Amino acid sequence: KWKGEGTTQNLESIVIGRCYDYIRTVNPAVGEKNCSEIWEAFKSAFINKDPCSITPEDYELFFSLSLHTIPANKSLFWENNQLLVNSFADRGRRYMSLGDTLFGFFGDFLNWCGQANSSGLDYESCPTATECETNAVDSFWRMASI
């Protein structure tokens, strides 16, 4: 149906695990976060919706629950070459890239989308940016960049 790959298998387990990994081992200074609540807010942004009508604003609750302080003078924004930027940032030791934040860590290298009028995830295919700009993944990263 769509040209993009489908939702990453075991998405819920992966992202909840990443959330706990982040707050317990990667950056405990963030403090306690409710990872199950964050997952539900994330999922509600795109479940039961047309996969080509997901806006960055649909993720507002997710970002408000996962937001944390970024140290002053440590932000590194450009991630057109994600692996290079992550290497340069040194997992937040030198700079903090988007992937070094809780929300960036949550979504890195994953794919996801839902289906209109369905509470399930689409594991077969998801729309790409060429098919529609307001897809679940691109809208997530647009909001994360803000």
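This one's a predicted model, so the numbers in the text were calculated from it and none came from an experiment.
Using a 4.5 Å heavy-atom threshold, the side chains of Q115 and D50 count as separate. The side-chain heavy atoms of V26 and F105, taken from C-beta on, include a pair separated by under 4.5 Å. Put simply, the side chain of H68 reaches to within 4.5 Å of the side chain of N27, judged on heavy atoms. Counting only heavy atoms from C-beta outward, the side chains of L65 and I38 approach each other to under 4.5 Å. In this structure, P51 and C126 have side chains that are not in contact, with every pair of non-hydrogen atoms separated by 4.5 Å or more. Looking at heavy atoms from C-beta onward, V15 lies in side-chain contact with L11 at the 4.5 angstrom threshold.
One distance of note links SG of C35 with CG of L102; it measures 7.0 Å at 0.5 Å rounding. Here the straight-line distance linking atom CG of L67 with atom CD of E60 works out to 12.0 Å at 0.5 Å rounding. The distance from atom OG of S66 to atom CG of N34, rounded to the nearest 0.5 Å, is 12.0 Å. Summarising the geometry, atom CD belonging to E124 is positioned 9.5 Å from atom NZ belonging to K1; distances are rounded to the nearest 0.5 Å. Distance check, rounded to the nearest 0.5 Å: CH2 of W39 to OG of S44 gives 10.0 Å. The CD1 atom of I146 sits 6.5 Å away from the CD atom of E57 when rounded to the nearest 0.5 Å.
Between the side chain of S125 and the backbone N or O of G6, no donor-acceptor pair lies under 3.5 Å. Judged by distance alone, the side chain of E5 and the main-chain N or O of N111 form no donor-acceptor pair under 3.5 Å. In this structure a side-chain-to-backbone donor-acceptor pair under 3.5 Å is present from T101 to G104.
Between E32 and R24, at least one side-chain nitrogen of the basic residue sits less than 4.0 Å from a carboxylate oxygen of the acidic one, meeting the salt-bridge criterion. Between D58 and K49, at least one side-chain N (NZ, or NE/NH1/NH2) sits under 4.0 Å from a carboxylate O, which counts as a salt bridge.
Ring-centre distance between F42 and W112: below the 6.0 Å cut-off.
Residues meeting the side chain to side chain contact (heavy atoms under 4.5 Å, CB included) test with A144, sequence neighbours left out: F63, L98, F103, W141.
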Inset, instruction - Test T8 against L110 for side-chain contact (heavy atoms from CB on, under 4.5 Å), laying out the working first. - result: CA-CA 6 Å; T8 303; L110 298 177; 3.9 Å; yes
Legend entry - Working for side-chain contact (heavy atoms from CB on, under 4.5 Å), residues E133 and R142: CA-CA 10 Å; E133 287 186 21; R142 272 199 285 297; 4.1 Å; yes
Inset, instruction - Just do the side-chain contact (heavy atoms from CB on, under 4.5 Å) check on T7 and C113 with the steps written out, would you? - result: CA-CA 6 Å; T7 298; C113 67; 4.3 Å; yes
Inset, instruction - Walk me through it: do N135 and C52 pass the test side-chain contact (heavy atoms from CB on, under 4.5 Å)? - result: CA-CA 5 Å; N135 64 67; C52 277; 5.5 Å; no
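If you chain together hydrophobic residues whose side chains sit under 4.5 Å apart, W2 and Y123 never meet in one group.
Note on ring orientation: taking the six-membered ring where Trp is involved, the planes of F140 and Y59 are perpendicular (angle over 60°, cut-offs 30° and 60°).
The minimum heavy-atom distance between D100 and Y22, with the atom names listed, is O-OH, 2.6 Å.
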